[in-house]
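Before any comments, here is the structure.
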Amino acid sequence: MTPKDRAERSAEAMMANDRASQWIGMVIIAVDEGKAELQLEVAAHHCNGHGLCHGGITFALADSAFAFACNSRNQSTVAQNNMITFISPAYEGDTLTARALEVSLSGRSGIYDVKVTNQNGQPIAEMRGLSRAIAGQLFEE
């Protein structure tokens, strides 16, 4: 099995049980070893009292991209710490894309950078995620 095949099977297995990402409306665009790209179309129910995409929704999208990237090797992995910086607001009707990229993987600990942009490529947020591998796999190999 190639690393890309493993990443795709891992993503399928994760998404099948990821009711939160499904409920929010996230869609997997691409995955590979240490990488993931997810999208979300901002709907009215994603917006806060200012009429902007709620920061928690933007964070959830970034966090899910991070999760798919750090689980791409079929090793169960969870977040240890995440920090997000909001750069620009997103609005109803925007299509947000979160791209997660592995920066470092050493033993059970990983570092991932996630960039969230809108349909025009405008930066919306950047997140750094720290991961920790735990026991288990997403599917049997």
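Between atom CD of residue Glu8 and atom CD of residue Glu33 there is a gap of 12.5 Å, rounded to the nearest 0.5 Å. Summarising the geometry, atom OG belonging to Ser10 is positioned 5.0 Å from atom CG belonging to Leu138; distances are rounded to the nearest 0.5 Å. Between the CZ atom of Arg9 and the NZ atom of Lys4 there is a distance of 14.5 Å, given to the nearest 0.5 Å. For the atom pair OH (Tyr112) and CG (Leu105), the distance works out to 5.0 Å, reported to the nearest 0.5 Å. A distance of 4.5 Å separates CE in Met14 from CG in Asn71, rounded to the nearest 0.5 Å.
Nearest heavy atoms, Gly34 versus Ser72: N-OG, 2.7 Å. Across Tyr91 and Pro89, no two heavy atoms sit closer than the pair OH-CG, 3.3 Å. When every heavy atom of Ile24 is checked against every heavy atom of Ala60, the shortest pair comes out as CD1-CB, 3.9 Å. Closest approach of Pro123 and Thr117 over heavy atoms only: CA-CG2, 4.1 Å. Counting all heavy atoms, side chain and backbone alike, Met26 lies closest to Leu40 at N-CD1, 4.0 Å. Minimum heavy-atom separation, Asp32 to Pro3: OD1-C, 4.3 Å.
By the criterion of side-chain heavy atoms lying less than 4.5 angstrom apart, applied directly or through intervening Ile, Leu, Val, Met, Phe, Trp or Tyr residues, Leu130 is not grouped with Met127; the two fall into different hydrophobic clusters. Two different hydrophobic clusters hold Val42 and Leu52 under the rule that ILVMFWY side chains link at heavy-atom gaps under 4.5 Å. Linking ILVMFWY residues whenever their side-chain heavy atoms come closer than 4.5 Å, directly or via other members, leaves Phe68 and Leu101 in distinct clusters. Note: the hydrophobic cluster containing Phe59 does not contain Ile111 (ILVMFWY, side chain heavy atoms under 4.5 Å, direct or indirect links).
The backbone N or O of Gly121 lies less than 3.5 Å from a partner atom in the side chain of Asn118, making a donor-acceptor pair. Remark: the backbone N or O of Ile134 is paired with a side-chain donor or acceptor of Gln75 at under 3.5 angstrom. Ser76 contributes a side-chain N or O that, together with a main-chain N or O of Gly136, makes up a donor-acceptor pair within less than 3.5 Å. No donor-acceptor pair under 3.5 Å is formed between the side chain of Glu37 and the backbone N or O of Arg99. Side-chain N or O atoms of Asn120 include none that pairs as donor or acceptor with a backbone N or O of Gln122 at under 3.5 Å. Here the side chain of Ser64 pairs no donor or acceptor atom with the backbone of Leu61 at under 3.5 angstrom. The main-chain N or O of Ala79 is never found under 3.5 Å from a side-chain atom of Ser131 such that the two would form a donor-acceptor pair. Under a 3.5 Å cut-off, the side chain of Asn74 and the backbone N or O of Phe139 do form a donor-acceptor pair. A donor-acceptor pair under 3.5 Å is absent between the side-chain atoms of His54 and the main chain of Gly49, judged by distance alone. Ser106 contributes no side-chain N or O that, together with a main-chain N or O of Ser109, makes up a donor-acceptor pair within less than 3.5 Å.
Between Cys53 and Leu96, some side-chain heavy-atom pair lies under the 4.5 Å cut-off. Under the 4.5 Å side-chain criterion, counting only non-hydrogen atoms from C-beta, Glu102 is in contact with Arg73. In this structure, the side chains of Glu141 and Met1 come closer than 4.5 Å at one or more pairs of heavy atoms. Taking 4.5 Å as the limit, some side-chain heavy atom of Gln22 sits within range of a side-chain heavy atom of Met15.
Among pairs with a residue in residues 103-115, those fulfilling salt bridge (Lys or Arg N to Asp or Glu O under 4.0 Å) read Asp113-Arg128, Lys115-Glu126, at least two apart in sequence or across chains.
Applying the 6.0 Å contact sphere to NE2 of His45 captures more than 12 heavy atoms from other residues, nucleotides or ligands.
No hydrogens or angles considered: a donor-acceptor pair under 3.5 Å links the side chains of Thr97 and Gln39.
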Could you go through the side-chain contact (heavy atoms from CB on, under 4.5 Å) check for Asn82 and Phe66 one step at a time?
-> CA-CA 9 Å; Asn82 289 339; Phe66 158 70; 3.6 Å; yes
Please lay out, stage by stage, how Ile124 and Ile87 fare under the test side-chain contact (heavy atoms from CB on, under 4.5 Å).
-> CA-CA 5 Å; Ile124 301 300; Ile87 300 167; over 6 Å; no
